[in-house]
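Before any comments, here is the structure.
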Amino acid sequence: MKKHAIIPVFIPHLGCPNDCVFCNQRKITARTTAPTQEAVRATIDEWLTTLEPRRSEGLEQIEVAFYGGSFTGLEIEEQSLYLAVAKDYLDAGRIDGIHLSTRPDYIDDEILTNLRDYGVRTIELGVQSFDDHVLRLSNRGHSPDDVYRAAALIKSYGFRLGIQLMIGLPGDSLETCIYSAKEAAKLKPELARLYPTIVLDDTRLLEMYKSGEYQALSREDAILRTKEMYKILDKAGIYIMRVGLKSTDIIGDGGAINGGTYHPAFRQLVESAIVRDRLEPQLDAISASLQSDQTVKVDLSTNSSWFSNLIGNARENKLHFAFKYPQLNLRYCVDNSLADGECRAILHQ
């Protein structure tokens, strides 16, 4: 069971006058108007009816999170109206933290002082890329220097820092993606999110896609780039909070998406590919030690949290390993002495 839960409150495109080529918050959140304070309170109450009973079952942390726009781009009085609602629940002990996302160029001392006064714990920066060329082509309106400055300031105030990165933006490549992951790791954020670029309706990116100016990533390329970024962040000890956009009604019905990057289980596709990368050298070594007509038994193990990744989405890993290693009689096992992401192939003597 997950020990951390988030109550999402969406404020679509509020506080952000910028028009990034990929962005259509109305399509992503299925919301077109800002919530009132009463609506925010109703959302929190509704979620708590489900989450509070789970405290006795091991749920340790509940956070209210403001997503969907650039929260700190709002007038500070408007920020305070929303934050005051969440702080009521924080002061009552019904939630454990307040969480928000914003742009790197909408961070300063006045903003951070106000956020701290209202008990905000975590600030995620929509960085998207550390490559200046990619940021310009995506019309982000900020530079990598804005990210470094904002991240340092956020950490100096004692907030938990989150970094959001996108994969496959205009001008992006495997090399720039890896560079962005390495730069993000240097900032030592507590958490990160990885989002493959999706071509949504009613965006400049859709126009670029239709004209041939932009080529959407194939699913295979999106998985490749994302898994390499994931490995870098994971090795640095950064909690990877999300991989891929959450499935919502507006995305799930297929009406807002163009190209084939989106998958409702994208995280599993990435983590399953990481499992393959980690097991194949071990299986190759076992195979190389065998006589041509020899068959042996091999146990493949991960912990229970990663077992579905060992099997793979739609059993893709089982099928892959069975085809590639026909001389190995493979058994899939749970070993909870292994850490998340750790995989082991053990030959039966």
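Partner of Asn313 under the side-chain hydrogen bond (donor to acceptor under 3.5 Å, both in side chains) criterion, chosen from Glu271, Arg267, Gln268: Gln268. The only option from Val120, Ile154, Asp117 that meets the side-chain contact (heavy atoms from CB on, under 4.5 Å) definition with Leu112 turns out to be Ile154.
Between Leu165 and Ala184, the closest heavy-atom pair is CD1-CB, 4.0 Å.
If you check the side chains of Thr295 and Asn329, you find no donor sitting under 3.5 Å from an acceptor. Looking at Gln128 and His142, their side chains never bring a donor and an acceptor atom within 3.5 Å of each other.
Here the CZ atom belonging to Arg54 is positioned 12.5 Å from the NZ atom belonging to Lys3, to the nearest 0.5 angstrom. Going from atom CG of Leu161 over to atom CG of Leu191 covers 7.5 Å, rounded to the nearest 0.5 Å. Between atom CD1 of residue Ile274 and atom CG of residue Leu269 there is a gap of 11.5 Å, rounded to the nearest 0.5 Å. Taken from CG in Leu100 to CD in Gln79, the straight-line distance is 8.0 Å, to the nearest 0.5 Å. From Ile7, atom CD1 reaches atom CG of Leu51 across 5.5 Å, with rounding to the nearest 0.5 Å.
The backbone N or O of Asp172 sits nowhere less than 3.5 Å from a side-chain atom of Thr176 that would complete a donor-acceptor pair. Distance alone, capped at 3.5 Å, places no donor-acceptor pair between the Glu124 side chain and the Ile163 backbone. The closest donor-acceptor contact from the side chain of Ser70 to the backbone of Thr102 lies at 3.5 Å or more, if one exists at all. A distance-only check finds a donor-acceptor pair linking the side chain of Asp146 to the backbone of Ser143 [under 3.5 Å]. A donor-acceptor pair is defined here as one N or O able to donate and one able to accept, closer than 3.5 Å; such a pair exists between the side chain of Asn317 and the backbone of Ser272. Side-chain N or O atoms of Arg41 include none that pairs as donor or acceptor with a backbone N or O of Val85 at under 3.5 Å. With hydrogens and angles ignored, the 3.5 Å screen pairs no side-chain donor or acceptor of Lys324 with any backbone N or O of Glu280.
Using a 4.0 Å cut-off between charged nitrogen and carboxylate oxygen, Arg55 and Glu52 do not count as a salt-bridge pair. With respect to the salt-bridge test (charged N to carboxylate O, under 4.0 angstrom), the residues Asp105 and Arg140 do not qualify. Salt bridge annotation for Arg204-Glu207: present, with a cationic side-chain nitrogen under 4.0 angstrom from a carboxylate oxygen. Using a cutoff of 4.0 Å between basic side-chain nitrogens and carboxylate oxygens, Lys182 and Glu228 are not scored as salt-bridged. Salt bridge annotation for Asp132-Arg136: present, with a cationic side-chain nitrogen under 4.0 angstrom from a carboxylate oxygen.
Trp47 and Ile62 end up in the same hydrophobic cluster when Ile, Leu, Val, Met, Phe, Trp and Tyr side chains are linked at under 4.5 Å. Side-chain heavy atoms closer than 4.5 Å link hydrophobic residues (I, L, V, M, F, W, Y) into clusters, and following such links, even through other members, never connects Leu81 to Leu74. No continuous path of ILVMFWY side-chain contacts below 4.5 Å connects Leu135 to Tyr214, so the two sit in separate hydrophobic clusters. Grouping the Ile, Leu, Val, Met, Phe, Trp and Tyr side chains by contacts below 4.5 angstrom, directly or via other members, places Leu224 apart from Val270.
With a 4.5 Å cut-off on side-chain heavy atoms, Gln282 and Val298 do not count as touching. Counting heavy atoms from C-beta on, the side chains of Ile44 and Arg94 never come closer than 4.5 Å. Here the side chains of Arg103 and Cys20 are in contact, with some heavy-atom distance below 4.5 Å. Residues Phe321 and Leu279 meet the side-chain proximity criterion, which asks for heavy atoms closer than 4.5 Å. A 4.5 Å side-chain heavy-atom check between Leu187 and Val147 finds at least one atom pair inside the cut-off. With contacts defined as side-chain heavy-atom distances shorter than 4.5 Å, the pair Tyr157/Thr113 qualifies. At a threshold of 4.5 Å between non-hydrogen side-chain atoms, the residues Glu183 and Pro144 do not count as touching. Between Thr72 and Ile123, the closest side-chain pair of non-hydrogen atoms is not below 4.5 Å.
Annotation: Gln294, atom CD; neighbour count of heavy atoms from other residues, nucleotides and ligands within 6.0 Å is above 12. Heavy-atom contacts from other residues, nucleotides or ligands closer than 6.0 Å to CD of Gln215 number 12 or fewer. Enclosure of atom CD in Gln61 by more than 12 non-hydrogen atoms of other residues, nucleotides or ligands within 6.0 angstrom is indicated.
The ring of Phe307 has its center no closer than 6.0 angstrom to the ring center of Tyr332.
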